[in-house]
There are 2 protein chains.
Amino acid sequence: MKTSERILESAAALLDAGGTSAVTLRAVGQVSGVSHNAPYKHFVNRDSLLAALATQEFQKLAAAFFAFGQEKVQPLTKLKRALQAFSQYGRDYPGRYQLLFSDPDIAKHEGALSQAAMASFSAFALLVAECQKAGALPAVPTPALAGLLYASVHGLIDLEASGRMKTEKGFMSVTEGIALLLKVLAPEKNEVLQ
Amino acid sequence: MKTSERILESAAALLDAGGTSAVTLRAVGQVSGVSHNAPYKHFVNRDSLLAALATQEFQKLAAAFFAFGQEKVQPLTKLKRALQAFSQYGRDYPGRYQLLFSDPDIAKHEGALSQAAMASFSAFALLVAECQKAGALPAVPTPALAGLLYASVHGLIDLEASGRMKTEKGFMSVTEGIALLLKVLAPEKNEVLQ
DNA sequence: ACCTGAACACCGTTCAAGT
DNA sequence: ACCTGAACACCGTTCAAGT
């Protein structure tokens with residue numbers, strides 16, 4: 001395994017274990033079995049290392065969305081599975097999820113990272129478009145509908161993780177939120193919601 | 001003006017100008033006209049200073065939501081104004097917004113901060129409940145519906161800021177997203193959407 | 001080509017001392 | 001009670017040197 005791959009792997013592990021502040025070049029070096037500035041031989045600096053990691057993760061996400069599109073099931077089932085996998089990713093890899101979707105420094109990057117992020121959203125939008133064609137989602141502009149779904153699920157994941165939706169009376173889970181959203185979005189409510 | 005207030009004000013300014021990493025105690029001290037460790041006389045450490053700032057901001061947000069509830073207009077108009085103000089806050093004070101809703105270290109805090117965050121969401125949920133009573137929103141459980149709305153708007157703000165919803169074909173604005181969500185949520189679609 | 005170790009500037013935090 | 005300045009450990013980054 002190449003050193004650069006080991007460095008990315010170490011960074012991902014540290015990120016999920018202790019958040020972005022735990023990803024110090026010294027810790028990355030130690031976990032990877034190299035010195036604290038060996039990473040500079042593979043990435044221009046710490047920020048660039050994190051950007052490379054984010055790019056890789058966005059590519060995985062796009063591939064996962066694409067794979068759901070290939071399954072031989074109803075379009076709405078594909079979309080539900082994709083949404084489920086999306087929220088599961090946020091739960092399993094909170095550090096990486098935060099890096100991809102809520103890190104302002106990472107968000108500034110153009111080029112490969114931005115391209116990979118766009119590709120992820122485009123792959124997701126394809127699933128939405130397919131549902132619309134099948135009449136399972138309303139015939140509004142696809143980018144708007146896909147954006148709303150993407151944003152809502154992200155918001156649910158983010159707020160669930162931060163506990164910002166708790167009240168005295170109750171709170172909301174990501175799964176419930178997605179179910180409610182799909183329910184209100186269904187053109188024929190009684191048919192789609194079992 | 002008390003030193004502790006000046007410190008919080010300086011921290012807020014630095015936060016919006018350069019993100020959380022720009023809020024160093026040395027910079028806060030300099031902007032406040034005190035030494036780099038005077039903050040320790042008012043807050044136990046840097047994290048606690050940021051938590052105090054977040055608490056203050058959540059209280060402002062809760063007060064703003066409450067104020068919209070007092071206006072003499074239709075319930076749905078109150079809600080729309082509140083959502084509009086919410087997204088405007090995210091645009092005007094990106095650093096503070098990120099601190100309140102997407103900072104994992106801040107999210108861990110219990111006590112006053114957690115209480116203030118819950119109070120903000122509760123105040124928002126009241127506006128949603130009023131819309132439901134007036135028949136302007138569906139009669140599903142209020143925490144679920146309020147949570148979905150809160151999460152969706154947060155997701156739209158967050159993804160718009162990070163540019164994660166762009167595609168080759170188009171992208172989505174917060175305002176459009178809110179409008180679309182309220183449109184699909186309206187029980188009598190034709191009536192509510194003008 | 002890839003890596004190491006020393007060095008530098010910066011930061012959070014602690015501590016002794018000042019009014 | 002409130003503040004300051006020195007000091008310490010840690011971090012990103014640079015640089016000269018090693019294979």
Side-chain angles (χ1 to χ4, degrees), chain A residues 1-56 95-96 98-99 102-109 111 113, chain B residues 1-56 95-96 98-99 102-109 111 113:
Chain A
M1 191 181 204
K2 285 177 65 180
T3 301
S4 64
E5 292 171 16
R6 236 174 330 124
I7 287 173
L8 284 173
E9 211 173 63
S10 306
L14 288 164
L15 186 59
D16 288 326
T20 188
S21 68
V23 188
T24 68
L25 293 184
R26 282 163 169 86
V28 168
Q30 192 165 22
V31 174
S32 306
V34 290
S35 77
H36 74 280
N37 52 19
Y40 284 96
K41 307 306 164 185
H42 304 275
F43 307 95
V44 308
N45 56 22
R46 177 180 182 272
D47 193 57
S48 163
L49 192 169
L50 290 173
L53 177 58
T55 304
Q56 198 182 70
R96 272 176 265 190
Q98 168 88 13
L99 180 72
S102 299
D103 191 310
D105 294 326
I106 288 298
K108 284 172 194 143
H109 284 257
L113 172 53
Chain B
M1 191 182 204
K2 287 177 62 181
T3 302
S4 63
E5 293 171 16
R6 237 173 330 124
I7 286 173
L8 284 173
E9 211 173 62
S10 306
L14 288 163
L15 186 58
D16 288 327
T20 188
S21 68
V23 188
T24 69
L25 293 183
R26 282 163 169 86
V28 168
Q30 192 166 21
V31 174
S32 306
V34 290
S35 77
H36 73 281
N37 53 18
Y40 283 96
K41 308 306 164 183
H42 304 275
F43 307 95
V44 308
N45 55 23
R46 177 179 182 271
D47 192 57
S48 163
L49 192 169
L50 290 173
L53 176 58
T55 304
Q56 199 183 70
R96 272 177 264 190
Q98 168 88 11
L99 180 72
S102 300
D103 191 310
D105 295 326
I106 289 298
K108 284 172 194 141
H109 285 257
L113 172 53

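Quick note on labels: first sequence line is chain A, next is B, and so on, each numbered from 1.
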If pairing means Watson-Crick or G-U wobble with both distances under 3.5 Å, then the partner of C:dC15 is D:dG5

What's the separation between atom CG in A:L53 and atom CG in A:L14, rounded to the nearest 0.5 Å?
10.5 Å

For A:F43 and C:dC3, give me the distance from atom CZ to atom C1', rounded to whole Å.
15 Å

Where the side chain of B:D16 meets the backbone of B:G95, is there a donor-acceptor pair that is under 3.5 Å apart?
yes

With both distances kept under 3.5 Å, what pairs with D:dC10, Watson-Crick or G-U wobble?
none

Base, backbone or nothing for each nucleotide of nucleotides 6-17 of chain C, written B, S, -, heavy atoms under 4.0 angstrom, 5' to 3'?
BB---BBBBB--

Looking only at heavy atoms, which two atoms of A:I106 and A:A51 are closest? And how far apart?
CD1-N, 3.7 Å

Write down the atom of B:L99, the atom of B:L50, and the distance for their closest heavy-atom approach.
CD2-O, 3.7 Å

Check the distance between C:dA1's P and A:H42's NE2 and give it to me in whole angstrom.
13 Å

Please evaluate residues B:V28 and B:R46 with respect to the criterion side-chain contact (heavy atoms from CB on, under 4.5 Å), reporting the C-alpha separation (whole Å), side-chain torsions for both, the decisive distance (0.1 Å), and the verdict.
CA-CA 10 Å; B:V28 168; B:R46 177 179 182 271; over 6 Å; no

Heavy atoms of B:L8 and B:Q56 approach each other most closely as CD1-NE2, 3.6 Å

